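Below: one structure, written as structure tokens.
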Amino acid sequence: ARAQIGVTGLAVMGRNLARNFARHGYTVAVHNRSFAKTQSLMDEAGDEGDFVPSESMADFVASLERPRKVVIMVKAGAATDAVIDELLPLLEEGDIVVDAGNAHFPDTIRREEALRARGLHFVGTGVSGGEEGALLGPSIMPGGTRESYASLGPILEAISAKVDGTPCCTYVGPGGAGHFVKMVHNGIEYADMQLIAEAYDLLKQGLGASAAEIGQIFAEWNTGDLESFLIEITADVLQHVDAETGAAFVDIVLDQAEQKGTGRWTVQNGLDLGVPITGIAEATFARALSGSVPQREAGRAALPAHATALEITDREAFVEDVRRALYASKVVAYSQGFDQIAAASAENDWDIDRGAMARIWRGGCIIRARFLNRITEAYERDPQLSLLLADPYFTDAVGEGLAAWRRVVAQAATAGIPAPAFSSSLSYYDGVRAERLPAALIQAQRDFFGAHTYRRTDRDGSFHTLWSGDRTEQEA
Ligand code: NBP
């Protein structure tokens, strides 16, 4: 037994993670259900480092130093349970099983409890960055016990992306915390992508600009506050030309966005926790709307616009307005996502450090961005911060762009350009800062038809009015 870490599941992700471990000097045990993938890894990358290939799970486990560290990188769901079942009889107390696939966090909670009962550590780990990240340095979000992180953490940190020398990997929290944070990361990614798409659409319809011209605007934006991987690739994509037709690539792509489900999980969990993650929800529903083919056909045929086309006289000012609206909406989406992490952390006793999460998302992952530094700083200033938007840096940054944000949302509405994430983010902003909300009326209605009771602004207690009787107020 000489391997320091093992990887089972050698499709694109597992293969690249194994190569990443090996390139960092670790001796890596490798295994896959069908040996062909193990063989192909050895044939094509075997000289990159020290690999110990095994055909059987038993040989694979036997090739690992104790306490064994086994990384599972298979298709999320039943395949993960199948691999765990195969591993269990072969492992010994204190061994560490790492699930680096995209598991749904309730599955991770269940698996962690089951393995803990058998004296094993189960580390549900979010890994972001796709194929390239896995090979060159992903963002890694490991959950599980702190004890397991003591020996596993340094290895994961070594292969993670680095920003200013700091690893994009840290201990997240017990149980399902790692996969939970990865899920919210993906939800935020949905919101970020939708906001960028809305900005593109506004520029396209407002300016009548070509994809390439808008691509240049995004490239310009990528030199400022908005600097991020997603803005950078947007600039590239928009400037890409379809080889076959010579048309702008984005113009020949069918406008129906698909999803694999992490956005949906995030929204479902937001509903369960009662956290208003409107940016992520709008982004997920916008994808659903784009794919609602019969509804869109019917809508296109029947629904009038009664809209007034935008007449942009100062193009530069309009571009700057859209940029500010995008930045402000983005802050809202992140603020909501971090609220969701805080709520889940409190509910599950995960004690997640939100500033540290922003720090490990600065590199390797899809939402990597300069602006995450500002989020880390905000939570360093106040670890208990209840609203990211209320951190002085963000209050100022969003405040400066507020008039522009309102103009853009109003222009979108006037011109009939759908901007669900821009406009709902602004509504959230106005809702969360409101002195008084019409929720008072909702409570009154609820008491009227369902005797659900209400509280008063002027004294404690809960009350019910006898609406069908003499309308006197009763202490409930
Ligand atoms: P896939 O998700 O395509 O899974 C293929 C792997 O699962 C193969 O190694 C396959 O073995 C194995 N497998 C299956 Br399917 N059923 C199995 C079973 N019952 N027992 C044992 N092994 C089984 O691979 P991937 O795209 O590399 O992704 C791996 C994980 O990483 C997934 O959970 C994914 O969601 C996650 N992830 C992917 C990305 C990405 O960008 N692709 C990013 C982040 C996370 P075989 O070769 O014998 O069929």
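If you're wondering where the values come from, they're calculated on a predicted model, not measured in any experiment. Order of listing sets the numbers, starting from 1, for every ligand and every atom in it.
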Do we see a donor-acceptor contact under 3.5 Å between the side chains of [X] and [Y]?
X	Y	result
Asp201	Gln205	yes
Thr234	Asp236	no
Arg368	Ser128	no

My understanding is that we take every heavy atom of each candidate and find the minimum distance to atom 4 (O) of ligand 1. Doing that for His31, Lys37, Lys75, which one comes out nearest?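 Looking at heavy atoms only, the winner is Lys75.
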Given Val74, Asn16, Thr125, identify the one with the heavy atom nearest to atom 32 (C) of ligand 1.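 When every heavy atom of Val74, Asn16, Thr125 is considered, Val74 comes closest to atom 32 (C) of ligand 1.
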Straight-line distance of Tyr327 OH to Lys330 NZ, nearest 0.5 Å: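 Here the rounded value is 8.5 Å.
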Counting only heavy atoms on the protein side, is anything nearer than 4.0 Å to atom 7 (O) of ligand 1?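 There is a protein heavy atom less than 4.0 Å from atom 7 (O) of ligand 1.
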Taking side chain to side chain donor-acceptor pair (under 3.5 Å) as the definition, give me every residue that meets it alongside Tyr171, ordered by chain and number, with sequence neighbours left out.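 None.
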Among all protein heavy atoms, pick out the one at the shortest distance from [atom]; state its residue, atom name and that distance to 0.1 Å.
atom	value
atom 17 (C) of ligand 1	Arg33 NH1, 3.3 Å
atom 35 (O) of ligand 1	Asn102 CB, 3.2 Å
atom 28 (O) of ligand 1	Met13 CG, 3.6 Å

Residues, nucleotides or ligands: over 12 heavy atoms within 6.0 Å of Arg66 CZ: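 Enclosed.
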What part of [X], side chain, backbone, both or neither, has a heavy atom within less than 4.0 angstrom of ligand 1?
X	value
Thr8	neither
Asn32	side chain
Leu10	backbone

Can you run down the ring-ring contact (aromatic ring centres under 6.0 Å, His included) pairs that involve residues 43-68, sequence neighbours left out, and say none if there aren't any?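 Counting only pairs at least two positions apart or across chains, the ring-ring contact (aromatic ring centres under 6.0 Å, His included) contacts touching residues 43-68 are His31-Phe60.
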